[in-house]
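The structure under discussion appears below in the form of structure tokens.
Bear in mind that the values here come from a model prediction, so they are computed numbers and not experimental data. Because only heavy atoms are used, hydrogens play no part in the values below, and waters and symmetry mates are left out as well, while side chains stay in.
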Amino acid sequence: MLETMLRLQQKLNDDTNGLGWEDGVTNRGKIINWRRCIWLESAELVESYPWKHWKSIDAKPDYENIKIEIVDIWHFVMSEALRLNKIERDGDIKKLSKNISSTKAYQEFLGQNKDILDDIYKQISIVEDFVASIFSKASIEEITSSFFNVARVGDLNINSLYKLYIGKNILNKFRQEHGYKEGTYIKIWKNREDNVVMQEILQNSSNITPKELYEALERKYPNE
């Protein structure tokens with residue numbers, strides 16, 4: 001599953017940014033900074049927690065959105081790993097997958113999350129430790145290991161991460177093919193964000209294929 005996700009992310013980046021994006025520039029001349037993407041998505045993740053002492057103090061964490069934010073971060077973590085693997089190593093995705101899967105954090109991630117922290121401030125602290133790692137000279141394995149700690153906090157395991165990643169990968173492809181770059185894409189579908197619609201489709205059709213998911217999104221997309 002890990003290797004499949006890495007290969008899908010490589011293809012998504014190739015299709016979206018053009019071949020050679022690992023050098024840090026898209027085929028339209030835009031500078032790419034995956035670590036900044038991770039940082040800002042991590043901030044959105046923290047916003048899913050009721051951490052503010054002055055607002056909604058009795059609210060509960062939005063764990064469904066937390067999972068989606070973690071999957072969004074995973075897109076960028078894999079992109080950075082693929083970039084480093086191409087620049088610093090030989091670019092072999094199979095070897096990259098093997099190196100990541102051999103880490104202790106990944107092996108723990110393969111199991112069920114029996115030790116989820118109840119303290120939301122400790123959960124946020126783990127997210128912040130992860131953000132700190134991306135601004136250091138951490139290796140691919142260190143960055144991904146720190147990410148898997150965040151994913152476990154979000155009550156994800158390899159199976160749920162894989163399922164949501166495939167869903168979000170198809171949604172991202174759908175967005176790109178419906179005007180996302182041009183600014184014409186409609187993100188709110190009948191008062192619901194497209195992420196929510198995608199999750200509902202997955203929940204209602206556990207064995208749905210990527211092609212069927214794309215077609216289901218087509219049917220629900222508001223053609224206004």
Side-chain angles (χ1 to χ4, degrees), residues 1-9 11-12 15-16 37-38 41-50 56 59-79 106 108-118 120 123-124 126-127 130 144 147-180 185-224:
M1 284 186 280
L2 177 58
E3 184 179 339
T4 296
M5 289 189 284
L6 286 165
R7 292 192 182 281
L8 284 171
Q9 190 61 40
K11 186 177 188 310
L12 180 64
D15 292 345
T16 304
C37 295
I38 293 168
E41 286 292 339
S42 297
E44 291 185 22
L45 169 57
V46 171
E47 283 294 280
S48 297
Y49 288 96
S56 304
K60 302 296 183 184
D62 184 351
Y63 280 106
E64 289 308 307
N65 192 62
I66 284 170
K67 290 176 182 179
I68 285 294
E69 296 294 352
I70 290 172
V71 172
D72 286 344
I73 292 168
W74 180 226
H75 281 73
F76 298 134
V77 169
M78 284 194 290
S79 296
Y106 183 78
E108 291 175 345
F109 188 60
L110 290 178
Q112 295 299 316
N113 297 318
K114 297 178 181 178
D115 57 347
I116 298 299
L117 295 170
D118 291 328
I120 67 166
Q123 292 181 25
I124 292 171
I126 289 173
V127 176
F130 164 62
T144 53
F147 166 80
F148 292 129
N149 291 333
V150 172
R152 293 178 71 230
V153 161
D155 201 18
L156 287 166
N157 57 35
I158 187 59
N159 295 307
S160 54
L161 177 66
Y162 180 78
K163 182 177 180 179
L164 280 174
Y165 173 77
I166 295 298
K168 195 59 187 285
N169 181 277
I170 296 302
L171 178 59
N172 285 339
K173 175 180 171 64
F174 183 86
R175 286 173 170 176
Q176 291 296 327
E177 295 178 356
H178 288 75
Y180 202 72
Y185 179 76
I186 302 169
K187 195 170 183 179
I188 304 300
W189 304 4
K190 295 182 178 179
N191 298 318
R192 293 181 301 164
E193 190 173 324
D194 57 359
N195 275 314
V196 175
V197 177
M198 179 271 290
Q199 283 181 283
E200 289 177 352
I201 295 171
L202 290 179
Q203 289 168 358
N204 294 330
S205 306
S206 58
N207 295 319
I208 194 169
T209 66
K211 182 175 183 293
E212 290 169 340
L213 174 58
Y214 191 99
E215 291 170 349
L217 292 170
E218 282 274 21
R219 291 192 295 272
K220 290 181 177 292
Y221 185 64
N223 295 303
E224 300 176 359

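Minimum interatomic distance between Ser56 and Pro50 (heavy atoms only, all atoms of both residues): O-CB, 4.1 Å. The minimum heavy-atom distance linking Ile73 with Ser42 is given by the pair CD1-OG, 3.7 Å. The two residues Lys67 and Asp155 come nearest to each other via the heavy atoms CE-O, 4.1 Å. Pairing each heavy atom of Val150 with each of Phe130, the nearest pair is CG2-CB, 3.6 Å. Minimum heavy-atom separation, Asp72 to Glu41: CB-OE1, 3.7 Å. Across all their heavy atoms, Ile66 and Pro61 have their closest contact at CD1-CB, 4.1 Å.
The CG atom of Leu213 lies 10.0 Å from the CD1 atom of Ile166; values are rounded to the nearest 0.5 Å. Put simply, OG1 on Thr16 and CD on Gln176 are 4.5 Å apart, with the number rounded to the nearest 0.5 Å. One distance of note links CD1 of Ile188 with CG of Asp194; it measures 7.0 Å at 0.5 Å rounding. Here the OH-CD distance, from Tyr63 to Gln123, works out to 3.5 Å after rounding to the nearest 0.5 Å. To the nearest 0.5 Å, atom CG of residue Leu8 and atom NE2 of residue His75 are 9.0 Å apart. The CG atom of Asn65 sits 8.5 Å away from atom CD of Glu44, with the distance rounded to the nearest 0.5 Å.
With Tyr165 contributing its side chain and Gln9 its backbone, the two residues share a donor-acceptor pair below 3.5 Å. The closest donor-acceptor contact from the side chain of Ser160 to the backbone of Leu156 lies at 3.5 Å or more, if one exists at all.
Ala43 is linked by a side-chain contact (heavy atoms from CB on, under 4.5 Å) to nothing, counting only residues two or more places apart in sequence or in another chain. In terms of the salt bridge (Lys or Arg N to Asp or Glu O under 4.0 Å) criterion, residue partners of Lys173 (sequence neighbours excluded) are, by chain and number, Glu177. In this structure, Asp62 has no salt bridge (Lys or Arg N to Asp or Glu O under 4.0 Å) partners at least two apart in sequence or on a different chain. Residues passing the side-chain contact (heavy atoms from CB on, under 4.5 Å) test with Lys11 are Asp15, sequence neighbours excluded. Applying the salt bridge (Lys or Arg N to Asp or Glu O under 4.0 Å) test to Glu3 and every residue at least two apart in sequence or in another chain returns Arg7, Lys94. Applying the side-chain contact (heavy atoms from CB on, under 4.5 Å) rule to Lys60 yields no partners; only residues at least two apart in sequence or on another chain are considered.
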side-chain contact (heavy atoms from CB on, under 4.5 Å) between Trp74 and Met5, intermediate numbers included: CA-CA 10 Å; Trp74 180 226; Met5 289 189 284; 3.4 Å; yes
Show, in sequence, the C-alpha distance, side-chain angles and deciding distance for Lys187 and Asn195, and conclude whether the side chain to side chain donor-acceptor pair (under 3.5 Å) test is met. CA-CA 9 Å; Lys187 195 170 183 179; Asn195 275 314; over 6 Å; no
Start with the C-alpha gap between Phe148 and Thr144, add the side-chain angles, then the distance that decides, and say whether side-chain contact (heavy atoms from CB on, under 4.5 Å) holds. CA-CA 6 Å; Phe148 292 129; Thr144 53; 4.1 Å; yes
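Using cut-offs of 30° and 60° on the angle between ring planes, the pair Tyr221 and Tyr185 is parallel. Classification of the Phe109-Tyr106 ring pair by plane angle, with boundaries at 30° and 60°, yields tilted.
With Ile201 as the fixed residue, the side-chain contact (heavy atoms from CB on, under 4.5 Å) test singles out one of Leu217, Ile170, Val196: Leu217.
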